[in-house]
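Lettering follows sequence order; numbering is per chain, from 1.
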Amino acid sequence: MDFAIEETEEQKKFRAEVRAFLEKNMPGGMEHHVDPVDQPREQYELRRELGRRLGKKGWLYPNFPKEYGGSDMSADNVMVLSEELAAVGSALPPYYDSGARMGAPTILVWGTEEHKKRFLPMMFRGDIRTWQLLSEPGAGSDLAGIKTTAIRDGDHYVVNGQKMWVGSAHGADYAWTILVTDPKGERHKNLSWFMIPMNLPGITVQPMDVLATGGEGGAGGGCKNAVFFDNVRVPAENLVGGENNGWKVATTHLEVEHGGTGRLNDRRVIYEFIDFCKETHDGHRIADDPDARAQIAELYIEAEITRLWALRNHWLSHAHKPRSYEGPQYSLRRKLSSLDIAERMLRIAGPYALTTDKRWAPLNAAIEYFQRDAITSLHPGATTDIQKVIMARRMGTGGREREQAGKLK
Amino acid sequence: MDFSLNETQQLIQDSAKDYVSSACSRDVLLKIDRNSGEIMARQWKQMSEMGWTGMAIPEAYGGSGNSLTDVAVLFEELGVGPVPGPLFTSAVLCARIILEAGSEAQKKALLPGVAEGKRVFALAMTEARYGWAPENVHMKAKKEGADYVLSGTKLFVEDAEHATDLLVVAGIDGEKGLSLFHVDAKAQGVAIRPLKGFMVGMGEIVLDKVKVAAASVIGGAGKAAAPLDRAMLASVPVLCAYKVGGCKRVYEMSLAYAGERKQFNTVIGRFPRVQDHLIYAVNALDSARWTTYEALWKLDNGMDAAASVHVAKSVASEGYMKATDMAHEVHAGMGVLREYGLTLHTKMSRSLFHTLGAPSLHRKRLESALELMPA
């Protein structure tokens with residue numbers, strides 16, 4: 001067994017190459033905002049610029065095939081790359097890009113060659129930013145119960161309805177979404193996936209004011225939106241994975257969303273908080289208190305298990321090993337342990353954990369943000385209850401045949 | 001990065017699986033449970049012949065010098081049984097202590113016997129004021145000429161009844177530090193008494209003016225604390241792997257039972273409340289598994305493993321106990337029927353909970369490893 005990236009000579013060289021690349025290519029003036037809601041448009045644009053520079057080298061979605069703009073990069077090298085990006089305060093991808101992160105693996109499995117050539121390179125080059133659009137006002141956990149329709153009309157589908165909890169600030173170029181293509185059809189056999197240009201007439205984006213964004217990818221989201229479709233005419237060739245075959249296609253999308261691939265360098269704030277407790281601030285060292293120390297030890301254990309499961313899932317997916325319940329298991333743990341850790345931080349640091357005040361907030365108010373984010377993160381990508389439902393199916397409880405994990409390439 | 005077993009480890013796993021399923025059926029384990037002497041009569045010779053008693057011992061001292069991860073793979077499968085007996089205490093823990101503390105001559109004199117399974121060591125450390133920290137050791141040896149004399153009681157000693165040799169941890173009157181005294185289990189003044197109850201293989205050892213020659217002090221007098229600490233740090237994750245095996249078994253038993261047992265005309269595994277117990281159990285299993293194997297990987301690669309070892313012991317001790325609790329929730333009455341076999345694990349999970357330090361001790365040690373203690 002080996003829990004580290006094997007730093008072969010080749011990988012050491014790769015790390016040096018990444019460092020040199022980032023030194024040259026990190027756009028100047030990038031600032032870190034603890035709460036993504038504070039990130040102004042020009043900061044978002046800098047991240048997109050970094051994305052394009054990475055994309056040009058095939059490093060934005062590096063584990064994807066070269067022929068579509070990835071690099072066929074090994075799991076170990078992807079980890080090197082994401083570590084080096086994290087070290088300079090960024091992430092892979094450097095901005096919220098849920099539609100590509102989850103859409104691209106899905107298109108790779110279910111799309112036609114034409115789809116792959118059309119959609120993947122522009123995602124992987126960083127030319128477009130894509131949001132995923134799944135939930136609706138009446139369909140959260142029950143994804144198959146969505147109501148937004150896409151009705152065939154000649155060479156087009158006409159889309160009407162509303163999606164919720166979508167994206168981030170500063171808009172997107174494409175929407176990766178699941179819609180009802182046969183309103184009278186049988187449940188699970190009436191859905192299809194689409195890649196929809198967001199500049200089509202009839203699409204309105206309306207920001208929602210939420211407690212925190214719970215964004216993915218370490219780059220944060222900024223806000224969530226409601227997206228309205230009013231007679232939006234979408235070219236028929238933008239349907240991916242076959243008409244009314246959307247529930248099958250969804251298994252791949254959801255596998256990625258449900259944590260099947262693990263997250264690396266996740267929640268560094270937890271380890272930064274431990275360091276903070278060891279330092280003296282305003283004449284006070286939190287770790288001097290035995291009760292605080294006991295809580296910190298518990299918090300560390302929670303964080304370590306979560307980190308190890310992320311690493312395991314990363315290995316399982318990148319080494320193409322069979323998977324069953326591991327994706328939802330990790331997602332469930334990440335959600336619940338984040339909340340547990342946030343609450344321990346509150347016990348340990350007291351009201352310091354709750355303030356954004358510049359004079360008093362620890363770690364630039366990252367702890368305050370974590371308090372809100374841990375609560376918000378309980379729900380995106382399926383609630384904890386839904387994660388348990390999926391886990392139980394994959395474990396094969398009740399003598400059922402074990403449900404297989406969603407297909408990944 | 002690689003979370004899979006290598007070829008050697010797969011071979012070890014296969015032969016251990018074979019052994020547990022063929023030689024340690026539920027009936028055999030229940031028999032051993034009723035009469036602990038059976039373990040030596042039935043299992044020990046086979047285990048020794050398969051080389052398991054020598055796995056953790058370097059080739060220079062008659063063993064096969066396997067990595068700790070290799071050894072842990074074996075113990076994970078023994079934990080599936082759960083196969084009781086002194087293999088861990090003697091061939092891993094005590095062997096490691098002798099390796100860490102002993103002089104070259106002592107290692108040459110003692111370890112080949114352990115590797116062959118002829119010597120069976122037990123670690124007599126804990127006492128009435130129970131605990132695994134050095135400050136819990138109150139026994140003091142008296143100096144008599146060049147020799148030492150030991151008197152007092154060691155309590156909750158693992159596998160004491162099977163031991164041919166004892167490593168007694170004690171201080172020396174008027175001197176600082178802890179020492180390791182090698183005592184023949186049959187020596188005059190040694191009385192070993194197995195303890196009964198909801199526990200496995202624990203005993204009381206009363207020492208009444210037991211004479212120990214200076215040459216039988218392992219390593220230097222008063223210098224045992226540091227090597228003892230190193231040896232325990234290396235052995236703990238192997239014990240954790242045994243608990244991982246236990247978690248795996250009770251999870252699989254529960255999953256199978258929930259797939260067969262019908263109530264309200266439905267197999268109970270379809271009920272979300274029952275699924276919650278199964279999910280809890282598999283989470284306990286995977287938490288224990290990966291914290292344990294990361295600690296082993298760090299130890300095998302000479303990295304600082306202290307924090308990982310303390311995390312693993314805390315997680316595996318709690319996890320094994322909780323996993324058996326969940327198994328009982330799923331099995332209801334069937335689970336407490338002794339002949340069903342689940343209670344072998346329930347008892348083992350309790351009995352091993354404190355061995356080599358309770359989770360609370362390891363969390364305290366973790367505080368130090370994370371450098372949280374005041375300057």
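- For the set Ala392(A), Cys277(A), Ser74(A), the count of heavy-atom pairs under 4.5 angstrom toward chain B peaks at Ala392(A).
- Side-chain atoms of Thr397(A) come within 3.5 Å of backbone N or O of Gly269(B) as a donor-acceptor pair.
- For Glu10(A), the CD atom counts as loosely surrounded, since its 6.0 Å shell holds 12 or fewer non-hydrogen atoms of other residues, nucleotides or ligands.
- To the nearest 0.5 Å, atom CE of residue Met373(B) and atom NZ of residue Lys278(A) are 12.5 Å apart.
- Heavy-atom pairs under 4.5 Å with chain A peak, among Val267(B), Leu255(B), Leu370(B), at Leu370(B).
- A 6.0 Å sphere centred on OH of Tyr280(B) holds no more than 12 heavy atoms belonging to other residues, nucleotides or ligands.
- For chain B, the option among Arg285(A), Lys388(A), Glu304(A) with the highest count of heavy-atom pairs below 4.5 Å is Arg285(A).
- By the neighbour-count criterion of 12 heavy atoms within 6.0 Å, atom OH of Tyr257(B) is densely surrounded, having more than that number from other residues, nucleotides or ligands.
- Annotation: the span from Glu371(B) atom CD to Asp275(A) atom CG amounts to 9.0 Å, rounded to 0.5 Å.
- When each of Asn6(B), Val282(B), Ile268(B) is checked for heavy-atom pairs under 4.5 Å with chain A, Val282(B) comes out on top.
- Between the OH atom of Tyr300(A) and the NE2 atom of His310(B) there is a distance of 10.5 Å, given to the nearest 0.5 Å.
- Ser4(B) touches chain A through backbone and side chain together, each having a heavy atom under 4.5 Å away.
- Within the model, atoms CD1 of Ile301(A) and CD of Glu318(B) stand 8.5 Å from one another, a figure rounded to the nearest 0.5 Å.
- Comparing Phe271(B), Tyr293(B), Trp297(B) by heavy-atom pairs within less than 4.5 Å of chain A, the highest count is held by Trp297(B).
- The 12-atom threshold is not exceeded at CZ of Arg129(B), counting heavy atoms of other residues, nucleotides or ligands nearer than 6.0 Å.
- You'll find the ring centres of Phe3(A) and Phe3(B) inside the 6.0 Å limit.
- Separating the CG atom in Leu372(B) from the CD1 atom in Ile286(A) is a distance of 11.0 Å, to the nearest 0.5 Å.
- When only modelled atom types and interatomic distance are considered, Tyr325(A) and Asn283(B) share no side-chain donor-acceptor pair under 3.5 Å.
- Per-residue heavy-atom pair counts under 4.5 Å with chain A were compared for Ala258(B), Ser287(B), Ser308(B), and the maximum is reached by Ser287(B).
- Proximity to chain A (any heavy atom under 4.5 Å) is restricted, for Asp276(B), to the side chain, taken from C-beta onward.
- In Arg312(A), the CZ atom is crowded: over 12 heavy atoms of neighbouring residues, nucleotides or ligands sit closer than 6.0 Å.
- Counting heavy-atom neighbours within 6.0 Å of Met334(B) CE, excluding the residue itself, gives a total of 12 or less.
- Considering only heavy atoms from C-beta on, Trp290(B) comes within 4.5 Å of Met1(A) through its side chain.
- Thr69(B) OG1 to Asp2(A) CG: the interatomic distance, rounded to the nearest 0.5 Å, is 10.5 Å.
- The side-chain heavy atoms of Leu308(A) and Asp286(B), taken from C-beta on, include no pair separated by under 4.5 Å.
- Under the 4.5 Å side-chain criterion, counting only non-hydrogen atoms from C-beta, Pro374(B) is in contact with Arg293(A).
- Heavy-atom pairs under 4.5 Å with chain B were tallied for Lys321(A), Arg333(A), Met395(A), Glu298(A); the largest tally goes to Met395(A).
- Contact annotation for Tyr251(B): only side-chain heavy atoms (C-beta onward) come within less than 4.5 Å of a heavy atom of chain A.
- Residue Glu401(A) places its CD atom among 12 or fewer non-hydrogen atoms of other residues, nucleotides or ligands, all under 6.0 Å distant.
- Interface remark: Ala292(A) contributes no atoms to any contact with chain B (heavy atom separation under 4.5 Å).
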Let's go through Arg307(A) and Glu294(B) carefully: what are the C-alpha distance in whole Å and the side-chain angles of both, what is the deciding distance for salt bridge (Lys or Arg N to Asp or Glu O under 4.0 Å) to 0.1 Å, and is it a yes or a no?
CA-CA 11 Å; Arg307(A) 177 182 66 75; Glu294(B) 189 184 43; 2.8 Å; yes
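- Considering only heavy atoms from C-beta on, Met391(A) stays 4.5 Å or farther from Gln275(B) through its side chain.
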